[in-house]
Amino acid sequence: MSGLNDQQRTAVRHVHGPLLVFAGAGSGKTRVITYRVAHLIQSGVAPWHILAVTFTNKAADELRERLVHLIGRDAGGVHVGTFHSQCLRILRRDIQRLGWEPDFSIYDADDQLRMVKQAMADLAIPLTSISPAAVRNEISRAKDELASPHVYSERAEGYFRELTAKVYHRYQALLRNAQAVDFGDMIWLAVRLLREDGEARAFYQGRFRFILVDEYQDTNHAQYALLRELAGPGANLCVVGDDDQSIYSWRGADLRNILDFEHHFPNASVVKLERNYRSTQRILRASNAVIAKLERRSAKTLWTEREAGGPVQIIEAFDEEDEARQVLGEVREIAAVRGLARREMAIMYRTNAQSRPFEELFVRLGVPYQLVGAIEFYNRKEVRDVLAYLRAVANPRDLVSFERIVTVPKRGIGATTLAALRQWGAAVGLAPGEIARMLAAPGGAPARLADLPLQPRATKALAQLGHVLVTLDALAAELPVAQLITRLVQETGYHEVLDNDPERPDERWENVVALGAAAEKYDEFGPRESLARFLHEAALVSDPDNFAAGTDAVTLLTFHAAKGLEFGAVFMVGMEEELFPHIRSYEDPVQMDEERRLAYVGITRAKDVLYCAYARHRSGWGSPVRFPSRFLQDIPPELLAYKRRLDALPGIPAAGLVVGPDAAPARQPPPSERSIRDGQRVRHAVFGEGLVVSGSITKFDEEITVMFEGVGLKKLAVSFAKLEVIR
DNA sequence: GGGGTTGACACCTCG
DNA sequence: TGTCAACCCC
């Protein structure tokens with residue numbers, strides 16, 4: 001408690017009733033959450049009565065880690081997870097109460113798209129008339145609002161919405177038949193369970209007596225409804241958030257949840273955390289300048305007692321490769337000269353695709369890095385194929401998975417056969433996967449399949465697939481999931497598919513092996529259970545989050561993924577018009593505001609140094625000639641300094657940022673004489689103890705060379721490397 | 001009717 | 001850069 005300021009302490013000590021914590025960036029939010037959990041436990045609340053909900057897996061992991069650090073073993077009892085993982089737990093336990101099988105499949109955005117296309121095909125709506133992806137998004141938004149197909153239809157106006165309403169009806173029926181839920185359904189079904197089933201409601205309200213929600217500004221209506229039901233009349237609900245950091249409206253986030261909290265929960269207490277402990281003054285001023293241009297926001301003024309710090313360093317690059325080169329040069333520079341650990345550095349970008357040139361260069365230079373999120377592991381074709389097999393085994397009604405495995409390997413079953421199968425199956429209440437299995441029955445196909453309208457050749461091919469599935473079913477009853485994967489690859493012929501891959505068979509194999517390795521930790525649950533758990537949890541993983549913890553690597557991630565994190569040095573790259581702000585936000589001022597908040601999130605991740613890079617030329621999509629982002633231009637010139645600037649480029653119009661005069665001399669006024677003498681011993685956070693061997697005063701700083709034990713010679717900037725002189 | 005090939009086209013952010 | 005639909009051949 002002693003390390004907390006008054007506002008933080010108030011929030012931590014609050015026990016009963018609703019509490020809203022407005023927590024500005026870097027104001028010690030996570031600290032408040034962890035301390036509050038500790039305080040609750042200290043006041044006699046059992047850990048398993050506490051539920052902490054975060055937005056991303058990464059945030060959940062981090063919170064769990066911090067709790068272990070703070071309260072030790074009790075932390076294991078606290079329920080920590082994302083909204084979706086908590087709903088998954090609820091559904092795994094109780095979905096049968098809603099009339100679903102426990103082996104339901106979880107459909108991600110990709111699977112959803114297939115189902116939308118299927119629904120459109122069923123309704124004879126041409127794929128060219130409305131975009132299936134747009135329809136999928138619209139359906140997801142409807143689910144965020146808990147609007148059923150029926151409710152949606154009543155409100156639907158205009159060409160697109162009226163068609164979407166029809167597709168939505170059909171889509172939902174297809175999901176139901178496939179025993180599948182999408183991400184929206186996961187929240188919704190949990191809400192329904194709590195609303196409709198008094199026994200279940202009593203159980204969960206009794207279990208989760210104290211609820212904490214992080215990033216509350218990013219919750220949607222369905223999530224609000226869930227919290228409302230879980231919290232019950234006692235409403236020991238503590239929400240923490242910052243409207244300035246709302247960046248998920250495209251996922252249905254509704255700012256009213258946080259802005260109207262006191263209205264939703266009338267006796268709520270409110271605490272504002274406005275002191276920033278993270279960033280230097282210049283970084284904080286830069287962030288304030290960017291966010292100040294927003295019109296609608298709750299009044300907050302962040303302040304800091306930290307030192308002024310250096311200016312925001314601008315890097316102007318020729319193109320995306322040059323940008324990566326310059327940024328990596330700077331990464332190596334501050335690692336070597338300032339002694340900053342690589343884990344304290346992050347490169348942030350608007351879109352995942354931007355990571356590529358950086359990754360290539362990191363690999364080439366042998367600099368350790370870790371990539372968060374991205375074109376992930378679970379989106380690899382081979383990984384999805386194997387998962388589709390597993391899902392088809394776990395849930396024989398799963399349509400998307402069945403149709404995926406039908407063609408890997410090629411079996412002589414095509415679109416026509418599948419369409420006939422689906423149609424006939426729907427009439428008699430059988431899923432294609434079930435029909436295939438029945439065709440493979442030992443005594444021949446049962447009589448109810450007599451009028452299956454297929455050519456003999458197609459029937460035979462389908463029976464063969466059915467045989468494979470029956471074999472896998474039997475294996476799944478005996479083997480835990482990791483071993484099942486090994487056998488599956490052989491039994492299904494997927495082995496040959498990989499070997500004959502024209503592109504990168506080795507890499508694909510490695511991914512399949514890695515999937516098996518990821519499955520191993522579920523083996524302890526035994527044959528069927530390990531399969532179900534693995535599939536359900538794999539569906540919620542959005543990034544290969546199990547990077548070797550503790551390795552000293554530079555982090556590469558999107559601004560979205562960076563929320564909630566902090567780094568000593570942040571490189572915001574691709575700071576160009578049409579990229580950030582993203583071109584898709586240009587027509588809509590609401591979306592443009594969200595881009596601005598995203599920029600604010602990026603800037604406020606930085607503790608000590610902030611670099612912003614932009615290229616004058618970028619290949620690929622968008623215009624090739626680029627201009628610096630408006631967000632950079634919104635930062636007062638005196639806070640900016642060019643670290644690197646290009647000479648005039650032939651054929652490219654000049655465009656630079658206005659950089660103020662006071663920015664030039666970097667950080668604090670340079671020291672006039674040396675403060676650390678040769679021969680003194682110093683301690684460094686990363687390198688340990690060392691002996692000062694030489695030093696000098698440069699234009700901006702005092703630099704010393706230190707011999708560290710077991711590390712070697714390092715050149716350090718005194719104002720930056722937090723050195724402790726040992727007497 | 002299946003499957004290979006080719007050409008067009010889109011590609012933001014996440015559980 | 002990869003995916004997907006249209007097209008044509010077997």
_A:Asn257 and A:Thr219: side chain donor to acceptor below 3.5 Å_ = yes
*Judged by modelled atom types alone, do A:Asn137 and A:Trp250 share a side-chain donor-acceptor pair under 3.5 Å?*
no
*Report yes if at least one side-chain N or O of A:Thr558 is closer than 4.0 Å to OP1 or OP2 of B:dC14; otherwise report no.*
yes
_B:dT13 OP1/OP2 closer than 4.0 Å to side-chain N/O of A:Asn352_ = yes
*Got a sec, which residues hit salt bridge (charged side-chain N to carboxylate O under 4.0 Å, His left out) with A:Lys460, two or more places apart in sequence or on another chain?*
none
*Only counting residues at least two apart or in another chain, list the ones meeting salt bridge (charged side-chain N to carboxylate O under 4.0 Å, His left out) with A:Arg596.*
A:Asp634
Within the sub-3.5 Å range, which N or O atoms of nucleotides 4-10 of chain C have a protein N or O partner, and how far apart are they?
residue, atom, partner, partner atom, Å
C:dA5, OP1, A:Lys117, NZ, 3.3

*Is there aromatic stacking of A:Phe559 against B:dT13, centre distance under 5.5 Å, plane angle under 30°?*
no
In whole Å, what is the span from the [atom1] atom of [X] to the [atom2] atom of [N]?
X	N	atom1	atom2	result
A:Leu421	B:dG1	CG	C1'	15 Å
A:Asn57	B:dC14	CG	P	12 Å
A:Ile247	B:dC12	CD1	P	17 Å
A:Tyr248	B:dT13	OH	P	11 Å
A:Arg141	B:dC14	CZ	P	14 Å
A:Glu382	C:dG2	CD	C1'	13 Å
A:Asp218	B:dT13	CG	P	16 Å
A:Asp385	C:dT3	CG	C1'	14 Å

_Of A:Glu138, A:Glu145, A:Arg141, the residue whose pairing with A:Tyr152 passes side-chain hydrogen bond (donor to acceptor under 3.5 Å, both in side chains)_ = A:Glu138
*asked:* Just to be sure I understand the geometry, which residues of residues 398-413 of chain A put a non-hydrogen atom under 4.0 Å away from DNA chain B?
replied: A:Lys410, A:Arg411, A:Gly412, A:Ile413
*5' precedence on DNA chain B between A:Thr82 and A:His582 (nearest-nucleotide basis)*: A:His582
*asked:* With nearest nucleotide decided by heavy atoms, which residue, A:Gln455 or A:Asp108, maps closer to the 5′ end of DNA chain B?
replied: A:Gln455
*What does A:Phe55 touch in the nucleic acid at a heavy-atom separation under 4.0 angstrom: a base, only the sugar-phosphate, or nothing?*
sugar-phosphate
With the criterion being N/O to N/O and under 3.5 Å, what pairs connect the protein with nucleotides 5-11 of chain B, and how long is each?
none

For [X], check ring pair (Phe, Tyr, Trp, His ring centres under 6.0 Å) against everything at least two apart and list the hits.
X	answer
A:Tyr204	none
A:Phe534	A:Tyr522
A:Phe55	A:Tyr248
A:Phe104	A:His536

*asked:* Of the listed nucleotides (B:dC14, B:dG2, B:dC12), which one gets closest to any side-chain atom of A:Thr351?
replied: B:dC12
*Check every atom of B:dC14, B:dG2, C:dT1 against the side chain of A:Arg356 and return the nucleotide holding the closest atom.*
C:dT1
*Output all residues satisfying side-chain contact (heavy atoms from CB on, under 4.5 Å) with A:Val383, sequence neighbours left out; order by chain, then residue number.*
A:Phe377, A:Tyr378, A:Arg380, A:Leu387, A:Asn511, A:Leu515
*Write out all pairs satisfying side-chain hydrogen bond (donor to acceptor under 3.5 Å, both in side chains) with one or both partners inside residues 572-581 of chain A, taking only residues at least two apart or from two chains.*
A:Glu576-A:Arg618, A:Glu576-A:Arg626, A:Glu577-A:Tyr586, A:Glu577-A:Arg630, A:Glu578-A:Ser623
*If a pair satisfies salt bridge (Lys or Arg N to Asp or Glu O under 4.0 Å) and one of its residues is in residues 402-411 of chain A, list it, with sequence neighbours excluded.*
A:Asp385-A:Arg404, A:Glu403-A:Arg422
